[in-house]
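Let me begin by presenting the structure, written as C-alpha cells, before commenting on it.
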Amino acid sequence: MRISLFVPCFVDQLYPNVAWSVVRVLEGLGHEVLFPEGQSCCGQPPFNSGYWDEARSAARVTMKAFRDAEVVVGPSGSCVTMIKVFYPDLFKGEPDELEARELAAKTHEFSSFLVNVLGITDVGAKFDGKVTFHDGCHGLRELGIKSEPRALLANVKGLELVEMSEAETCCGFGGTFAVKYAPISTAMDEVKCASILQTGAGTVVSNDSSCLMQIRGMLEKEKSAVKSLHLAEILASR
Amino acid sequence: MATQAADFQTLSRRYTADKPFRAFIQKALGGYYKKRDENKANFQDWQGARDLAAETKYEAVNHLDKYLLEFEQKITARGAKVFWAPNAEAAREYILKIAKENGVRSIIKSKTMTSEEIHLNEALEKEGFGVFESDLGEYIVQLRKEAPFHLVFPAMHLTRRQISDLFQKELGSKATDEPEELTMIARDVMRRKYCEADMGISGTNFAVAETGMISITENEGNARLTTSLPRIHVALLGIEKVLPRLEDLSLFLPMLATAGAGQTMTCYNTMYSGPRQPGEPDGPEQMHIVLLDNRRTELLADAEQRDALGCIRCGACLNVCPIFKNVGGYSYGTTYGGPIGSVITPHLRGLKDWKHLSAASSLCGACTEACPVKIDLHHHLLQNRRNGAKASPAVGEKVAFGGFSLMMGHPALYRLAVVFGRIFQPLQGLVNGTILDPLRAWTGSRNFPKLAPKSFHEQWKKERGGRK
Amino acid sequence: MNPGRSIILNRIREALRNNPAPRPHTSHSQADAAAETHGHAQREWLPKVGATLPEQIDLFAKISEGLKTEFHRVPTIDAAHNLLKQLAAAEGWKKIASHSHHDTDSLIQGIDLPVVRTEKGYGIDELESCDAGVTGCEVLVAQTGGVMVSVESAGGRALSVLPPHHVVIARASQMVPDLTAAFEHVKKRYGKNLPSFMSFITGPSRTGDIERILVLGAHGPKRLTVLLID
Ligand code: SF4
C-alpha cells in the first residue's frame, strides 16, 4: 500500500523520531511511505480557540497536501481527530466540504490503521520492561481507540503492560488550555502522573505525542526516572 | 477581563492549590464510580438505553409547545394551577403572591436547583417568610449561607467535622464524628418544620404530558413530606422537563439513579397529579406549578445546542469532569456547575460574561461519554468558543491566530518560522520560569520540550530528498 | 390566564420554527421510536428480569438485600401477623398507623396496640407519633426491588413516609417484572382517573450527604419491611 504520512507540526518540530518510527514500522511491513511536503498544521489550535476562519486556512493546506493520497496515517489521535471528526464540521456548507469529507474518510490514526485497516497486531517488536498506557482523550473518545494499542503492545516481546487506574483520565494538556488555565492543567497532570507512578512501570506509552509532552514535562520537572515513549517508538524497537 | 472570568481564574487557582481538598473530593466520588459501574453493568445495554433516552428527549424538546399544553390541560383538570413564568422575577412574584394571599408563615423546601436559579429563598426571606431547606445537604449549606457545591451532592465539599461544628454553633447540638448522629440531628429539627409549615416548595425532575403529572426523585423522603403535609404545594418546573408518556419514566428513573448516584433506583420516585382529590385522606389543598422559561427558549432557538435542554440534572458529567474534580463547584460562580453549566450558562446569562467557562476545558469528552441523554457537551464547548470568538474576538488571539493561519497557510513561511524558533529557544532558556518567560504558565510546573536539532521535514528532505 | 403563557408559547414556536435540530447521534435513530411500542422497546435495554414469578421474587429478594429492605416471604396472612407482632415487641411499638384495606386489616387484626387510621383524615402530630405505618401497595417491582404505593393502596400520601418504620403487605400476585408493567397496572386499575399520588419506594429512606457515607432514615422511614404472602 502507498501510505501518505501525516506528521503533526509539533511532532515535526519536537519529536521527529516518532515520525521516523512510524516510517520504519510501516516500511518493515512492506509498505511504501510517502511524505507530502506541503503539509504544515491541521489547524487545531485556532479551531479549538474558536477561530474557525483561521482554522480553515490552515486546514486547506493540509487538504491540498493530501489531495492525491490513497490513505493518510498520522501518529496522533488528536490531530487525526481534527481531520477525521472536525473537518466535516468545520467545512459544513463550504465549497470544499466534499473534499474535507473525503480526506476524513481516508485518514487513520496509526494504531487503528495497523489493527483495523491492515489487520496486524504483531509487528515483530521487542522492548524489555514494564510499561503503562495512557489513552489520549481524542483517540479514545472521538475515534473510539482503546483495544488497538493494547493489542499491539501485547505482542511486543519482553514488554509487560500494567494498567493505571486513571488510564482514561485526561492528562490536562488540551492545547492552549494548558497555558491559559495552567493551574488546572497542572492539577490534572498531577493526578495523571501519580497514577502512572503507582503502577511501578518504567515507561509510560501513548499514541499521542501532545499528551506525552504534558506528562513528560511534569515527570522531568519532578526528576522522575519514568520515561515516556510514543507507541510507534515501542513498535519500532527491535 | 470580565470580572466573572477573573473570578474563575482566582478561585480555580485557589482550589487547585489545595491538595487535601482535591483529594477529599476525589475520595468522596470513589464510591460513586464503583456503584455506577455495577449498575450500568446490570443494564442489558446501557448504550441502547442512552440512545432511547436521547431520542425521547429529542422528541419532547422539539415539540415542546405541544407537550406543555397537554401537560397543562391534564394537570389543570385535576385542580392544579399552572403559572407560566417568562423570567425569574415573574416566578418569584407569583410565589410571593400565593404565600401572602394564603397567610403563609412557614415554608419548607425540598431540593430544587431551579429555585437557586431564581434566587427564591432570598426573595421569600426578604418578605419575612421563614424558609427551611429540608434536604440534608441543602440544609447544611443553607446554615452555612452557601450555595450548593454540586447539582446532586450539595454539601460534598464539607467534612463531618465541619458539619458537626456547624450544628453545634447553629443548633446547639453536641459534637460528634458520626454521620449517622449528624443526620439524626437534622432529622429531628426538620420533623417539627414539616408539621408546622403551611407551604411546601419542591422542584420537579420530570413532567408527564400524557397524564398531567410531575415526578420527583429523592432519597431522603423530605420531598414526599414537603409535598404531603403543608396545605399548599408549589412545584418549580423548567419548561424543558416535560416527557411525552408515563412509560418514559420506566427508562428515565433507573437511568437518572444510575448516572446520578450509582443506584438501581433512587429511594423515592413520586408522581403527583394535582392537589388532594375528593375522597383522598391527605395532601395539599392547593397545588401550583410554576413553569419557568428564564431564557431556556434562547437555548431552544440554538438548534446546534438544543439537545442541552434534554439535561436531567443527574450530575454525572460533573462527577467525571477532571476540571470539576480539581476546581470544585464554587469556582464556576454559576447555579449549574461542571460541564453542563459551562455549556448552558452562556445561553442563560450571556455569552460575553460566561464564555470563559467554555475555554476552561481540555475538551476531553468524559462528560459527553457519561451523559445518560447523550448531550454533545464537549462539542458544545467548542461551539461556544466559536460563537464567542465571532461575537467579541480577543484582540491578542485574533492577531496570533491570524499570523498562525498565514504561516500555516504558507508552508514556506512555516519552515522559516521554525528556523527562527530554533534560534529563539536557547534564549528562552535564559528566562526559563521567570516573569520574563513567555512560556511561564507552562514552565512553572512542567519542563518544556527542546526543539529537535532538525525537524522531520528537514531530515526527510535530506535522507529521502527527491522522493515525494 | 397569565400573559406569560402566550409569551412563552410564542418564544417556543419562534425558536422551533425554521430551526430543525440535528437528530441525536444514535445507532437506531431511524426507528423513530414508535410511540405505541415505546414501553416495550425499553425492555431491550433495561436490566433483565426473568419471565417467571419465582425468578422475579428471587430478583426482588436479591435487590432488597442490597437496599437494606427487610423482605420476608410468609405462607399465610397469619404468619405475616405473627411476624408483625414480633417486630412490634422487638422495637417496643406503642402506637401504629394503618388504613382500611383487605390485607392490612387482617394483618393488624387483634394486635394489642392503638391504631391511627388515615383513610378518613388524621392529625399530622398524631401520625407523627406512631412507631410504624402499615400499608398495602399497588405492586412490587422485581427489576428495581421497589414497592409501588398510591393514595388508594397506602392510605394517602404520608402514612408510608412519616412513621419511622414502614411495613408493607403484598401478595405474590402483586409482583410485576418492571416499571412499565407497574404503569400498565395502574392504568388498568384506575383508567384515566389515576390517584393524585403514586410513588416507587425503593428501600428505606437514606442519605449520603455527609462525606458520601450512607445513612439510613434521613427523613423518611429508617426501616422498610416487605411481607410477601406466597
Ligand atoms: S448534561 Fe447529561 S450528564 Fe450532565 S447533568 Fe445533564 S443529563 Fe446529567
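Because the structure is predicted, anything quoted here is derived from the model rather than measured. Reminder, nothing fancy here: chain letters follow the sequence lines and each chain counts from 1.
- Heavy atoms of B/T266 lying under 4.5 Å from chain C belong exclusively to its backbone.
- For B/Y32, no part sits under 4.5 Å from any heavy atom of chain C, backbone or side chain.
- Proximity to chain C is absent for every atom of B/M255, based on heavy atoms less than 4.5 angstrom apart.
- The contact between C/L16 and chain B is made by backbone and side chain atoms together, counting heavy-atom distances below 4.5 Å.
- In this structure, OH on B/Y272 lies 8.5 Å from CE on B/M287, to the nearest 0.5 angstrom.
- If you measure heavy-atom distances from C/P221 to chain B, the contacts under 4.5 Å come from both the backbone and the side chain.
- A salt bridge does not link C/K62 with C/E65: none of the charged nitrogens is closer than 4.0 Å to a carboxylate oxygen.
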>> Show, in sequence, the C-alpha distance, side-chain angles and deciding distance for B/R161 and B/D177, and conclude whether the salt bridge (charged side-chain N to carboxylate O under 4.0 Å, His left out) test is met.
In response: CA-CA 6 Å; B/R161 171 62 50 81; B/D177 255 354; 3.4 Å; yes
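- For the options C/R17, C/H99, C/E119, C/M148, heavy-atom pairs under 4.5 Å to chain B are most numerous at C/E119.
- Residues meeting the side chain to side chain donor-acceptor pair (under 3.5 Å) test with C/D209, sequence neighbours left out: none.
- Between chain C and the residues B/M156, B/R78, B/E218, the largest count of heavy-atom pairs under 4.5 Å involves B/R78.
- The pair B/D248-B/K57 does not count as a salt bridge, with every side-chain nitrogen at least 4.0 angstrom from each carboxylate oxygen.
- Scanning all heavy atoms of the two residues, the minimum distance from C/R206 to C/L67 falls at NH2-O, 2.6 Å.
- B/R191 touches chain C through its side chain: at least one heavy atom from C-beta onward sits under 4.5 Å away, while N, CA, C and O do not.
- In summary, the side chains of B/S273 and B/K74 do not present any donor paired with an acceptor at a separation below 3.5 Å, with no hydrogens or angles considered.
- Proximity to chain B (any heavy atom under 4.5 Å) is restricted, for C/Q143, to the backbone atoms N, CA, C and O.
- For C/K95, the NZ atom is densely surrounded, since the number of other residues' heavy atoms within 6.0 Å is greater than 12.
- Looking at C/K187, only its side chain comes within 4.5 Å of chain B, counting heavy atoms on both sides.
- The most heavy-atom pairs under 4.5 Å with chain B, out of C/K120, C/K192, C/E128, come from C/E128.
- Within the 4.5 angstrom heavy-atom criterion, only backbone atoms of C/L216 (N, CA, C, O) approach chain B.
- Using a 4.5 Å cut-off between heavy atoms, C/D125 touches chain B through its side chain atoms alone.
- Interface remark: of the candidates C/L224, C/L194, C/V147, C/N193, C/L194 forms the most heavy-atom pairs closer than 4.5 Å to chain B.
- No hydrogens or angles considered: a donor-acceptor pair under 3.5 Å links the side chains of B/N269 and B/T217.
- Neither the backbone nor the side chain of B/E181 comes within contact range of chain C; no heavy atoms are under 4.5 Å apart.
- Here B/L69 is the residue among B/L69, B/D376, B/I375 with the most heavy-atom pairs under 4.5 Å with chain C.
- Of the atoms belonging to B/M213, it is side-chain heavy atoms, and not backbone ones, that fall under 4.5 Å from chain C.
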Donor-acceptor contacts under 3.5 Å from residues 154-167 of chain C side chains, at least two apart:
unit_1 : atom_1 : unit_2 : atom_2 : d
C/R157 : NH1    : B/T227 : O      : 3.1
C/R157 : NH2    : B/G274 : O      : 3.1
C/R157 : NH2    : C/S196 : OG     : 3.1
C/S160 : OG     : B/R224 : NH2    : 2.6
C/H165 : ND1    : C/E91  : OE1    : 2.7
C/H165 : NE2    : C/T225 : OG1    : 2.7
C/H166 : NE2    : C/T135 : OG1    : 2.8

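- No part of B/V373 comes within reach of chain C, as not one of its non-hydrogen atoms sits under 4.5 angstrom from that chain.
- Between chain B and the options C/T144, C/I12, C/V141, the largest number of non-hydrogen pairs under 4.5 Å is found for C/I12.
- Heavy atoms of B/M271 lying under 4.5 Å from chain C belong to its backbone as well as its side chain.
- Looking at B/R306, the atoms closer than 4.5 Å to chain C (heavy atoms on both sides) all sit in the side chain, from C-beta outward.
- Neither the backbone nor the side chain of B/I216 comes within contact range of chain C, judged by heavy atoms closer than 4.5 Å.
- Heavy-atom distances place no part of B/Y94 under 4.5 Å from chain C, backbone and side chain included.
- C/R13 CZ: more than 12 foreign heavy atoms inside a 6.0 Å radius.
- A donor and an acceptor atom, one from each side chain of C/E55 and C/T52, are located under 3.5 Å apart.
- In this structure, B/Q44 contributes its side chain and C/L46 its backbone to a donor-acceptor pair below 3.5 Å.
- Residue B/Q263 touches chain C through its side chain alone, counting heavy-atom pairs closer than 4.5 Å.
- A salt bridge does not link C/K94 with C/D131: every distance from a Lys NZ or Arg NE/NH1/NH2 to an Asp or Glu carboxylate oxygen is 4.0 Å or more.
- The candidate from B/T159, B/T264, B/L158, B/D307 with the greatest count of non-hydrogen atom pairs under 4.5 Å with chain C is B/T159.
- In the model, B/T270 has a side-chain atom that pairs as donor or acceptor with a side-chain atom of C/S199 under 3.5 Å.
- Contact tally against chain C (heavy-atom pairs below 4.5 Å) for B/G31, B/A186, B/P275, B/G279: the top residue is B/P275.
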>> Walk me through whether B/K35 and B/E38 qualify under salt bridge (charged side-chain N to carboxylate O under 4.0 Å, His left out).
In response: CA-CA 5 Å; B/K35 289 273 168 210; B/E38 282 169 21; 3.7 Å; yes
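- The residue among B/A90, B/C267, B/C195 with the most heavy atom pairs within less than 4.5 Å of chain C is B/C267.
- Between chain C and the residues B/P86, B/G137, B/A301, B/S228, the largest count of heavy-atom pairs under 4.5 Å involves B/P86.
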